[in-house]
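As structure tokens, the structure follows; a few thoughts come after it.
Throughout, numbering of the chain's residues begins at 1 and tracks the sequence. All values below come from the heavy atoms of this structure, side chains included, with hydrogens, waters and symmetry mates left out. Nothing here was measured: the structure is a model prediction, and the numbers come from that model.
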Amino acid sequence: MRREEYAGPVELRAMQSLASRVFPQAGWRHSGDLAWAAASAVSAADATPTAVWSTGDTTVAWGWLESPEELTIQVDPTYPDLAGEVLAWAQRATDAARLSVTIGAHETHLTSALAAHGFVQGDDEPFFACLSRPLTDLPPLYTLPEGYRIRPQRDAADVTERAAVHRAVWNSPHITAERHAAMREVWPYRSEFDLVAFSPEGKAVAYCQGWYDEVSGVGLLEPVGTAAEHRRRGLSRAVGAAVLHAFAAAGGGLATVSPRGDAGYPIPELVYESLGFQALSRTRTYTKAFRRSGTPAGTDDLKRPQMPEPSLPGARGWRGGGAVEQSSYQ
């Protein structure tokens, strides 16, 4: 067994290789989700360290401090004891006063390690719903309002438009055309799954970014949005259905998406359910607070974790957290 440590998600492909092998049966982070989180991260690399455990050429566990207070973890269920090693590494690697870990409720191989290290499950809300649907018997492609059309990005001007509509929808100024163009170079991005709805005037007004992992045959929708002045016309649903058809045409077997699932933010999940998605799992967040004199704080010092801004994962924004109005998906 070998552990290697890095500044930032340098070993993104190693991390993604584990996601490709075990998602969604173990873990709630798709390989494309990791690509989106890495490409949209705003923290300096030395503030977001990564550790990867491997045996031979096979990644079996990793931890990524997406921020000093937020650990993302994935562990092969065949190696459950590594969960404790990842948590121990993360607590050494951060000097934050608290550390939160979000896992899928189905990742029971992680819960005992979290408890052993003093992490406490937080309040039930907010959380992300882990939804999936087979890529068979898909809904038909929807008829668009007159003059609208859906297509991939073709040139630099389209990339600029696509980045602009994302910024408008999610109020995330760091997603520039340059950053979006760089993200398009990160595996498993393919332009045929990043579809944009254009208005009759030729402006990008809605989009659904799909990530297709050809190793697992699983596609992910992330992120999705519609500009405010073009909502309630069915554009997000239409472009989402188009991406599902593109996944199926590529040979995919399953599609997933992880919107907010709590009562405070219900609309996105309803939109995905209209496309045939059903509940697979949900997330649960565990938190540990520290008194940096060296003694862990008591549970009375734990507050419910705040949902991050919606376009960062870890954003978990990247998933449509509560900082924008729910009609972004309509």
Side-chain angles (χ1 to χ4, degrees), residues 9 11-40 50-55 57-64 66 70-80 82-83 86 101-111 113-114 127-136 186-190 193 208-224 243-244 246-248 250-259 261 272 276-285 313-316 318-320:
E11 284 298 279
L12 181 61
R13 286 297 284 117
M15 296 158 63
Q16 290 174 315
S17 70
L18 177 56
S20 293
R21 284 198 299 110
V22 304
F23 177 86
Q25 290 77 19
W28 70 287
R29 302 293 295 272
H30 183 276
S31 60
D33 193 0
L34 298 175
W36 167 242
S40 60
T50 301
V52 177
W53 284 255
S54 57
T55 175
D57 295 329
T58 303
T59 300
V60 291
W62 53 261
W64 176 19
E66 293 193 62
E70 181 186 15
L71 171 67
T72 297
I73 180 174
Q74 190 165 44
V75 176
D76 186 327
T78 308
Y79 297 87
L82 289 179
V86 178
V101 185
T102 298
I103 67 171
H106 59 295
E107 294 183 271
T108 55
H109 63 297
L110 303 181
T111 53
L114 286 163
F127 66 88
F128 295 106
C130 304
L131 311 179
S132 68
R133 65 149 297 146
L135 290 168
T136 55
V186 179
W187 186 87
Y189 181 88
R190 285 164 55 180
F193 306 122
C208 176
Q209 182 163 335
W211 300 88
Y212 178 63
D213 187 328
E214 66 268 19
V215 177
S216 64
V218 179
L220 168 74
L221 307 184
E222 177 55 37
V224 183
V243 172
L244 293 178
F247 287 159
L254 186 74
T256 64
V257 66
S258 296
Y272 295 125
F277 284 88
Q278 296 181 342
L280 175 67
S281 185
R282 53 155 292 171
T283 64
R284 298 194 186 278
T285 297
R316 295 242 204 262
W318 21 250
R319 262 182 237 301

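- The closest donor-acceptor contact from the side chain of Gln209 to the backbone of Pro223 lies at 3.5 Å or more, if one exists at all.
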Query - Verdict with supporting geometry, Glu214 and Trp187, side-chain hydrogen bond (donor to acceptor under 3.5 Å, both in side chains) - result: CA-CA 11 Å; Glu214 66 268 19; Trp187 186 87; 3.3 Å; yes
Requested in this report: Apply the test side-chain contact (heavy atoms from CB on, under 4.5 Å) to residues Glu107 and Ile73: give CA-CA distance (whole Å), side-chain angles for both, the deciding distance (0.1 Å), then the verdict.
Outcome: CA-CA 11 Å; Glu107 294 183 271; Ile73 180 174; over 6 Å; no
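- Inter-residue side-chain proximity for Ser258 and Asp33 is flagged as unmet; no heavy-atom pair is nearer than 4.5 Å.
- Between the SG atom of Cys208 and the CG atom of Leu244 there is a distance of 7.5 Å, given to the nearest 0.5 Å.
- For the atom pair OG1 of Thr72 and CD1 of Ile103, the computed distance is 12.0 Å after rounding to the nearest 0.5 Å.
- Between the side chain of His106 and the backbone N or O of Leu280, no donor-acceptor pair lies under 3.5 Å.
- The shortest distance between side-chain heavy atoms of Leu110 and Val75 falls below 4.5 Å.
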Query - Trace of the side-chain contact (heavy atoms from CB on, under 4.5 Å) decision for Val243 with Val224 - result: CA-CA 11 Å; Val243 172; Val224 183; over 6 Å; no
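- In terms of the ring-ring contact (aromatic ring centres under 6.0 Å, His included) criterion, residue partners of Phe23 (sequence neighbours excluded) are, by chain and number, His30.
- The minimum heavy-atom distance between Ser17 and Thr59, with the atom names listed, is OG-OG1, 3.5 Å.
- Contact annotation: the side chain of Leu82 never approaches that of Asp76 to less than 4.5 Å [non-hydrogen atoms, C-beta and beyond].
- Of the inter-residue distances, the one linking Thr50 atom OG1 with Glu66 atom CD reads 9.0 Å to the nearest 0.5 angstrom.
- Closest heavy-atom contact between Pro77 and His109: CA-CD2, 3.7 Å.
- The two residues Ala35 and Leu12 make their nearest non-hydrogen contact at CA-CD2, 4.2 Å.
- For Gln74, the side chain to side chain donor-acceptor pair (under 3.5 Å) partners two or more places apart in sequence, or in a different chain, are Trp62.
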Report task. Determine, step by step, whether Thr283 and Cys130 satisfy the side-chain contact (heavy atoms from CB on, under 4.5 Å) criterion, reporting the C-alpha distance in whole Å, the side-chain angles of both residues, the deciding distance to 0.1 Å, and the verdict. Result -> CA-CA 7 Å; Thr283 64; Cys130 304; 4.3 Å; yes
Report task. Kindly indicate, with the supporting measurements, whether the criterion side-chain contact (heavy atoms from CB on, under 4.5 Å) is fulfilled by Phe277 and Leu221. Result -> CA-CA 11 Å; Phe277 284 88; Leu221 307 184; 4.0 Å; yes
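- Ser281 has its side chain out of reach of Trp28: every pair of non-hydrogen atoms, C-beta onward, lies at least 4.5 Å apart.
- Leu135 and Phe247 get closest at one heavy-atom pair: CD1-CB, 3.6 Å.
- Scanning for salt bridge (Lys or Arg N to Asp or Glu O under 4.0 Å) contacts around Arg190 gives Glu192, with sequence neighbours left out.
- For the pair Arg133 (side chain) and Thr136 (backbone), a donor-acceptor distance under 3.5 Å is present.
- Side-chain atoms of Arg284 and Thr111, non-hydrogen and from C-beta on, never get closer than 4.5 Å to each other.
- Across every non-hydrogen atom of Trp211 and Pro188, the tightest pair is CE3-CD, 3.8 Å.
- Of all the heavy atoms in Ser31 and Asp213, the pair that sits closest is OG-OD2, 2.8 Å.
- Side-chain contact, Thr102 with Thr285: a donor N or O sits under 3.5 Å from an acceptor N or O.
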